[in-house]
Engineer: 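The structure's right below; bear with me while I get my questions together.
Every chain is numbered from 1 and lettered A, B, ... according to where its sequence line falls, protein lines coming before strand lines.
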There are 2 protein chains.
Amino acid sequence: MTDIKAAYLACPIRQVISRFGDKWSLLVLYTINESENGVMRFNELRHHMMDCSQKMLSQTLKNLEQSHLVHREVYPEVPPRVEYSLTDTGKSLMPAIMALIAWGKEHFNEVVTD
Amino acid sequence: MTDIKAAYLACPIRQVISRFGDKWSLLVLYTINESENGVMRFNELRHHMMDCSQKMLSQTLKNLEQSHLVHREVYPEVPPRVEYSLTDTGKSLMPAIMALIAWGKEHFNEVVTD
DNA sequence: TGTCATAGTTACCAAAAGGTAGGAATAGTG
DNA sequence: CACTATTCCTACCTTTTGGTAACTATGACA
């Protein structure tokens, strides 16, 4: 492995961004966290994120599960029931995300001038 | 404008992500902020971000300037000298970014298991 | 037998992001 | 005149991302 690649892997900023810097990840984490009991089903999430396609939602959830930020619980019923919740690691990320969102709300007008 | 689009535009999470959720923006903000006097020249940034192409760096800086997060000062010299620094808005974002980075450092091992 | 509901997956296509290589501008220096 | 240094921009190509529509599985229920 090259030095450059090693430096890349060691950089926490890139790690952070590569894990949930995409179009939907932060929104999923936020939405699950804001729910009543911290648990949400697939279609329930879909209704809260109306402009996210089914494909992107399941893809995003799969990534978050692999990053150990979201827990996926499957109940062997028919029709199937799958519940998503934040892991402890996922919960520990929420303060940082909420700080980012708070900043976004406060400085919206300074940044967006299109 | 549809209701869905209005909801989209009003969502601070998306605004935040769309402004600096790309591959390089957060790293640029972080790098400028960590510098000696808070000011960096183009090639200086390049050396700190070795695997970012020239094209992407200038593109990223342009976006950050348009979002009023970075200030660009051009000195009419030859060869040209251009200095980049954070605006007040940009500085106000740093605590949230540093919180995210701190989280990334702390939870690196829980999340990255490839 | 046909339909419903849930939670997906897959194939296919379009759009966006990002990398490489080369050019442009220009004053100073040898 | 040739060469250098600095900060880009542009054309071209590849890779990644994201959307649409159709398909799967299965037990209950009419």
Engineer: Indicate, with a heavy-atom threshold strictly under 4.0 Å, whether Tyr84(B) touches base, sugar-phosphate, or nothing.
Structural biologist: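 Sugar-phosphate, backbone atoms only, no base.
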
Engineer: Between P on dT10(C) and CE on Met56(A), what's the gap in Å once rounded to a whole number?
Structural biologist: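 After rounding, the reported distance stands at 15 Å.
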
Engineer: Cluster question for you: counting only ILVMFWY and a side-chain heavy-atom cut-off of under 4.5 Å, with indirect links fine, are Val28(B) and Val39(B) together?
Structural biologist: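 No.
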
Engineer: Nearest-Å distance, CG (Leu27(B)) to P (dG18(C))?
Structural biologist: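 After rounding, the reported distance stands at 13 Å.
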
Engineer: Pick base, sugar-phosphate or nothing for Gln54(A), based on heavy-atom distances below 4.0 Å to the nucleic acid.
Structural biologist: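 Base contact.
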
Engineer: Is the distance from OP1 or OP2 of dG19(C) to the nearest side-chain N or O of Lys23(B) less than 4.0 Å?
Structural biologist: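 Yes, because at least one side-chain N or O of Lys23(B) sits under 4.0 Å from OP1 or OP2 of dG19(C).
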
Engineer: Using heavy-atom distances to pick each residue's nearest nucleotide on DNA chain D, tell me which of Pro79(A) and Asp22(A) is more 5'.
Structural biologist: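 The answer here is Asp22(A).
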
Engineer: Quick check on dT9(C): is either OP1 or OP2 less than 4.0 Å from any side-chain nitrogen or oxygen of Lys62(A)?
Structural biologist: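 For Lys62(A), the contact criterion (side-chain N or O under 4.0 Å from OP1 or OP2 of dT9(C)) is met.
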
Engineer: Look at Arg41(B) and dT7(D) and indicate whether a side-chain polar atom (N or O) is within less than 4.0 Å of OP1 or OP2.
Structural biologist: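 Yes, because at least one side-chain N or O of Arg41(B) sits under 4.0 Å from OP1 or OP2 of dT7(D).
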
Engineer: Starting at CE of Met50(B) and ending at P of dG19(C), how long is that distance when rounded to a whole Å?
Structural biologist: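 Roughly 14 Å, once rounded to whole Å.
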
Engineer: Is the distance from OP1 or OP2 of dA7(C) to the nearest side-chain N or O of Asn43(A) less than 4.0 Å?
Structural biologist: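 Yes, such a contact exists.
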
Engineer: Can you measure Met40(B) atom CE to dT7(D) atom P for me and round it to whole angstrom units?
Structural biologist: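 From Met40(B) CE to dT7(D) P: 11 Å.
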
Engineer: Leu57(B) has an atom CG; how far is it from atom P of dA17(C), in whole Å?
Structural biologist: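 In whole Å, dA17(C) P and Leu57(B) CG are 17 Å from each other.
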
Engineer: Would you kindly check if the NZ (Lys) or CZ (Arg) of Arg72(A) is within the cone defined by 45 degrees around the ring axis of Tyr84(A) and under 6.0 Å from the six-membered ring centre?
Structural biologist: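 No, Arg72(A) does not lie over the aromatic ring of Tyr84(A).
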
Engineer: Rounded to the nearest angstrom, tell me the gap between atom CD in Glu77(A) and atom P in dT6(C).
Structural biologist: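 Rounded to whole Å, this separation is 12 Å.
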
Engineer: Salt bridge (Lys or Arg N to Asp or Glu O under 4.0 Å) between Glu44(A) and Arg46(A): does it pass, once the steps are laid out?
Structural biologist: CA-CA 5 Å; Glu44(A) 202 178 351; Arg46(A) 285 244 297 149; over 6 Å; no

Engineer: I need the CZ-P distance between Arg46(A) and dT6(C), as an integer number of Å.
Structural biologist: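 Going from Arg46(A) (CZ) to dT6(C) (P), I get 11 Å.
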
Engineer: What's the spacing between Thr89(B) OG1 and Trp103(A) CH2 if we round to 0.5 Å?
Structural biologist: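 Thr89(B) OG1 to Trp103(A) CH2: 7.0 Å, rounded to 0.5 Å.
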
Engineer: Nearest whole Å is fine: how far is dA5(C) P from His47(A) NE2?
Structural biologist: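 Distance check: His47(A) NE2 to dA5(C) P gives 12 Å.
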
Engineer: Kindly say if Ser53(B) contacts the phosphate of dT20(C), meaning a side-chain N or O under 4.0 Å from OP1 or OP2.
Structural biologist: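 For dT20(C), neither OP1 nor OP2 has a side-chain N or O of Ser53(B) closer than 4.0 Å.
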
Engineer: Under 4.0 Å: is that the gap between some side-chain N or O of Arg72(A) and OP1 or OP2 of dG8(C)?
Structural biologist: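 Affirmative; the distance criterion is met.
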
Engineer: May I ask you to say whether Asp51(B) pairs ionically with Lys23(B), meaning some side-chain N is under 4.0 Å from a carboxylate O?
Structural biologist: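 Judged by the 4.0 Å cut-off on N to carboxylate O distance, Asp51(B) and Lys23(B) do not form a salt bridge.
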
Engineer: With nearest nucleotide decided by heavy atoms, which residue, Arg81(A) or Lys55(A), maps closer to the 5′ end of DNA chain C?
Structural biologist: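 Whichever sits nearer the 5' end wins; that is Arg81(A).
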
